[in-house]
Amino acid sequence: NNAGPPLRSSSSSFAARFYVIPTRDIFFFVAPPPGVSTSSVFRRRTTPAASSPVYIPDVRYDPSREPDVVSGAIFVDPFSAYHGGHLVSAAIRQYGAGAVRVFSPYSARGVGGALARNAAAAGESGAPPPEDLLSRTAPLDRAELESWLRAIPFPVVAVLCETDSGLEYAEELSCAIAACPSGGALRHNGRCGARRDKYLMNGVCRDAGIATVRQAMCHSEEEAVRTALEFGMGGEGVEGIIVKPLRGVASNRVSLCRTEFSVRYATQCILGTTVFGTFDERYDAVLLQDFLPGKEYAVDTVSKNGQHKTAAIWNYEKISTTTTIDDADDGAPQNQPFVYSCSRLVSGDDPRHPAEKIVSYVESVLDALGVKWGMAHTEVKVAPDGTIRLIEVNVRQHNANFAPMCQACVGYNALDLCLSAYLHDDDGDMEDEFGMAPRVPILRFAGNEVSLICFVEGTVTAVNHLEEIEDMESVVGMEVYPNFEIGCGVQKTVDIRTDAGFIHLIHEDEEVLDRDYQRICVLMQTMFEV
């Protein structure tokens with residue numbers, strides 16, 4: 001409901017909820033929602049590894065609405081219960097829509113290979129080979145796709161992808177469906193490589209007249225060093241140069257470089273390695289950009305036929321847990337500040353943050369990249385002088401369990417707004433959530449997602465302070481990841497992928513929330529013993 005998770009004032013009592021993720025789950029497609037029977041599922045056909053896959057759509061809908069399921073969506077890589085799982089369940093239960101769940105080819109190959117390797121290690125036989133999982137993808141061949149679409153008992157109006165690695169396939173599939181006779185109802189953004197390639201992304205925005213960061217694409221260590229020096233690395237007022245892959249997520253292999261040695265090392269870590277979202281492509285270039293001082297923000301948007309609504313604005317705080325030897329000559333240690341400490345929700349009417357300017361900037365970026373439909377997660381930096389520059393756009397949801405916090409603090413969330421944008425029927429009885437949402441969100445409660453950071457390396461012998469954190473006034477939810485339990489080998493957190501968990505803080509009094517956050521930051525220093 002619209003009330004979101006339970007909230008507390010200083011006089012109420014509340015026990016924080018601890019969530020657990022099964023460690024053995026490599027992947028899952030969420031169970032069908034209540035009322036969706038297995039008879040409504042088109043089961044895939046198992047095929048020999050040597051033969052071509054037979055594409056069978058995995059369709060789910062509410063049988064009680066049959067034959068009144070008037071539309072539905074394809075959900076690519078719906079692995080997470082609180083992203084793809086939320087969308088599938090809400091589409092069926094709230095809108096009476098149909099849901100078709102598919103793998104992207106990248107995920108089909110990766111998951112199939114992982115299953116086969118795990119089965120071989122366990123001495124099991126009969127595990128499905130990678131080729132078999134391709135039957136859970138949708139074909140791109142025109143004739144095969146038309147046959148596949150005919151097996152779906154409703155028109156497809158959207159293709160929604162959860163994973164970064166599946167976004168290119170989702171765009172290809174959208175364009176292929178739109179070209180089919182039965183694809184006229186599809187609402188999509190077309191195909192655009194600049195939505196994933198960070199160099200092209202900034203170039204398209206710059207050509208559209210949007211202020212962007214200075215950048216260069218370099219194909220060798222020597223070219224990278226030369227460009228970094230041209231950008232003023234080591235000079236007065238230049239904190240450093242960013243070296244990163246053209247594609248990627250979670251700050252993976254992103255480096256803040258201050259010397260020639262560090263530029264060479266960062267470039268070596270990228271050139272010749274596998275391009276994100278592929279198995280066979282290799283990077284032949286790296287991206288250099290000016291380091292942007294200032295505050296970092298993320299903006300979660302939903303678009304409907306070119307109209308953009310901001311569902312949440314987040315202010316990131318980042319720290320460093322590691323130092324690197326930045327120069328072979330002087331051995332000077334340098335911080336790499338890419339560890340998320342927290343993500344604070346920002347209210348559109350908070351004078352401490354230029355929310356209106358940020359939203360306007362992001363809207364212009366979405367227009368330049370041709371994003372007319374669906375969710376986007378855009379990151380920007382606001383300099384001390386107020387200028388805004390793009391970090392990157394991700395045309396998918398925010399990769400965090402954000403919906404409960406946004407529902408409580410804002411009153412709505414990007415996932416539900418997205419379904420409303422695609423599935424709302426103006427002639428139906430349901431409220432138009434997208435239409436009712438303001439352009440810029442105003443907070444009802446203060447909210448903060450704290451990233452649990454591990455500051456030690458070794459085998460965990462104790463996990464401390466959980467009870468104290470649980471008893472804090474603003475804590476409404478917490479998760480410590482299973483790979484940080486006692487007996488697990490851990491390393492220091494260096495980016496999102498190596499976080500130890502998260503804590504959700506919500507309170508009507510921002511001072512109470514900030515007090516709890518500051519205390520958690522102290523406790524995290526000694527949370528894990530090794």
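Values below: all heavy atoms of this structure, side chains included; hydrogens, waters and symmetry mates excluded.
- By the 4.0 Å N-to-carboxylate-O rule, Glu468 lies close enough to Arg519 to be salt-bridged with it.
- Here the CD1 atom belonging to Ile520 is positioned 7.5 Å from the CE atom belonging to Met478, to the nearest 0.5 angstrom.
- Remark: Lys309 is positioned above the aromatic ring of Phe434, its terminal NZ or CZ atom under 6.0 angstrom from the ring centre and at most 45 degrees off the axis.
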Apply the test side chain to side chain donor-acceptor pair (under 3.5 Å) to residues Thr387 and Asp385: give CA-CA distance (whole Å), side-chain angles for both, the deciding distance (0.1 Å), then the verdict. CA-CA 6 Å; Thr387 59; Asp385 64 2; 2.8 Å; yes

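- Among Val286, Asp495, Thr273, the single residue meeting the side-chain contact (heavy atoms from CB on, under 4.5 Å) criterion with Arg253 is Thr273.
- You'll find the side chain of Leu452 reaches within 4.5 Å of the side chain of Ile503, heavy atoms only.
- Within the 4.5 Å cutoff, side-chain heavy atoms of Ile453 are placed close to those of Val339.
- Residues His377 and Gln397 fail the side-chain proximity criterion, which asks for heavy atoms closer than 4.5 Å.
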Could you walk me through whether Leu505 and Val450 satisfy the side chain to side chain contact (heavy atoms under 4.5 Å, CB included) test, starting with their C-alpha distance in whole Å, then the side-chain angles of each, then the deciding distance to 0.1 Å, before giving a yes or no? CA-CA 8 Å; Leu505 309 181; Val450 183; 3.7 Å; yes

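- With Arg396 as reference, Asp164 is the one residue of Asp164, Leu160, Val76 to meet the side-chain contact (heavy atoms from CB on, under 4.5 Å) rule.
- Under the 30°/60° scheme for interplanar angles, the aromatic rings of Trp314 and His398 are found to stand perpendicular.
- A distance of 10.0 Å separates CG in Asp300 from CG in Asn413, rounded to the nearest 0.5 Å.
- Remark: of the listed residues Leu167, Val393, Val371, Val371 is the sole one forming a side-chain contact (heavy atoms from CB on, under 4.5 Å) with Arg195.
- Checked for salt-bridge contact, Lys357 and Glu363 miss the test: no charged N lies under 4.0 Å from a carboxylate O.
- Between Phe279 and Tyr106, a ring centre-to-centre spacing shorter than 6.0 Å is recorded.
- By the 4.0 Å N-to-carboxylate-O rule, Glu392 lies close enough to Lys198 to be salt-bridged with it.
- The pair Asp509-Arg515 does not count as a salt bridge, with every side-chain nitrogen at least 4.0 angstrom from each carboxylate oxygen.
- Between Glu230 and Arg214 there is no salt bridge, since no side-chain N of the basic residue sits under 4.0 Å from a carboxylate O of the acidic one.
- Relative orientation of the Phe484 and Phe528 rings is tilted, given thresholds of 30° and 60° on the angle between their planes.
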